[in-house]
Amino acid sequence: DQQVKQNSPSLSVQEGRISILNCDYTNSMFDYFLWYKKYPAEGPTFLISISSIKDKNEDGRFTVFLNKSAKHLSLHIVPSQPGDSAVYFCAASKDTGNQFYFGTGTSLTVIP
Amino acid sequence: DTEVTQTPKHLVMGMTNKKSLKCEQHMGHRAMYWYKQKAKKPPELMFVYSYEKLSINESVPSRFSPECPNSSLLNLHLHALQPEDSALYLCASSQMDRVYEKLFFGSGTQLSVL
């Protein structure tokens, strides 16, 4: 049972434009959400996170938005750069638990 | 030091071989994880060690045997694997007893079983 879903397997965006990656979850007990970026044959690297007490968190070009009522989060990348081309996974966890539930990933291609 | 180091980076083994994957972190993290990832799929949790004790085993076949010799090291012993076990094996770590944990991943071991 996939508790975290990323319904878009791939996304292509022109360099300089905004990339929006979406993630939905089903478990209302999740209260912490993370985005990871992954290049082929490498481990995922942490990008940005948000706790359920916030609805927005920003770090440079990356902003994550959380809509708890819709059980939806999104990652905005502005402006998109070719080096952002990678697979992006969203993940969710519950308070101090050490289990993380990953979405299926969205492959982002930024076209120069 | 915010690194999780995994060795080897690549491993090719036959179905009768015995091999081990190694993972090391020096961030003082007390939780360590093994994940398996196939192409175009999310990381799939295999094992979690908390304070050097196995706390989660996601019904992994016994041909995979984890070991945590101390708080910095994590091994995964492999024996009699099948070709379908070919995947990227990721080690990760996190602090324990803290709200809003982050996972720190190593770069993985790309395993091919022939």
Side-chain angles (χ1 to χ4, degrees), chain A residues 1-11 21 23-25 29-54 57 59 64 66 73 86-109, chain B residues 2-11 21 23 25 27 29-51 53-58 86-112:
Chain A
D1 178 28
Q2 192 73 25
Q3 297 188 59
V4 179
K5 298 177 187 178
Q6 293 174 256
N7 292 320
S8 298
S10 62
L11 175 68
L21 295 90
C23 179
D24 296 293
Y25 62 97
M29 298 299 291
F30 290 147
D31 65 352
Y32 186 51
F33 305 90
L34 310 93
W35 284 95
Y36 283 84
K37 175 179 176 179
K38 186 180 182 304
Y39 294 115
E42 290 186 13
T45 54
F46 171 76
L47 200 56
I48 192 169
S49 62
I50 188 166
S51 68
S52 57
I53 60 172
K54 293 186 172 184
N57 189 26
D59 184 1
V64 57
L66 175 62
L73 62 154
V87 177
Y88 290 78
F89 290 97
C90 69
S93 70
K94 307 172 201 174
D95 53 69
T96 55
N98 56 7
Q99 278 195 284
F100 294 80
Y101 299 83
F102 284 85
T104 48
T106 295
S107 178
L108 173 66
T109 303
Chain B
T2 57
E3 273 198 358
V4 176
T5 305
Q6 286 188 247
T7 55
K9 287 199 181 304
H10 301 275
L11 180 62
L21 309 185
C23 176
Q25 58 87 15
M27 294 179 277
H29 289 173
R30 302 311 299 270
M32 295 186 78
Y33 309 71
W34 282 114
Y35 281 85
K36 172 182 175 179
Q37 186 173 27
K38 294 252 189 185
K40 302 189 189 300
K41 297 283 188 183
E44 181 185 324
L45 182 64
M46 300 174 74
F47 303 104
V48 182
Y49 273 82
S50 307
Y51 293 101
K53 292 195 188 313
L54 185 64
S55 58
I56 297 175
N57 176 344
E58 291 285 353
S86 299
L88 181 67
Y89 287 84
L90 294 164
C91 174
S93 69
S94 69
Q95 286 184 274
M96 284 292 298
D97 302 326
R98 202 180 120 164
V99 184
Y100 307 144
E101 297 269 4
K102 289 188 201 36
L103 275 179
F104 292 79
F105 284 93
S107 55
T109 295
Q110 189 67 55
L111 174 68
S112 297

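Note that these values count all heavy atoms, side chains included, but never hydrogens, waters or copies made by symmetry. Chain letters run A, B, ... following the sequence lines, proteins first, then strands; residues in each count from 1.
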- Can you tell which part of B:S50 gets under 4.5 Å to a heavy atom of chain A, answering side chain, backbone, both or neither? side chain
- Message: Can you classify the ring geometry of A:F33 versus A:Y25 as parallel (below 30°), tilted (30 to 60°) or perpendicular (above 60°)?
- Response: tilted
- Note on the structure: Okay, A:Y36 and chain B: the region with an atom under 4.5 Å from a heavy atom over there is side chain
- Item | side chain to side chain donor-acceptor pair (under 3.5 Å), paired with B:S93, selected from B:H29, B:R30, B:E3 | B:H29
- Query: So, do B:Y35 and A:F102 sit near enough that their side-chain heavy atoms are less than 4.5 Å apart?
  - Reply: yes
- Which bit of B:L103 comes within less than 4.5 Å of chain A, counting heavy atoms only: side chain, backbone, both or neither? both
- With A:N7, which residues qualify under side chain to side chain contact (heavy atoms under 4.5 Å, CB included), at least two apart? A:K5, A:D24
- Heavy-atom distance under 4.5 Å between the side chains of B:M27 and B:V4, does that happen here? yes
- Portion of B:Q37 that has a non-hydrogen atom of chain A nearer than 4.5 angstrom: side chain
- Which region of B:K9, side chain (C-beta onward) or backbone (N, CA, C, O), has a non-hydrogen atom less than 4.5 Å from a non-hydrogen atom of chain A, or is it both or neither? neither
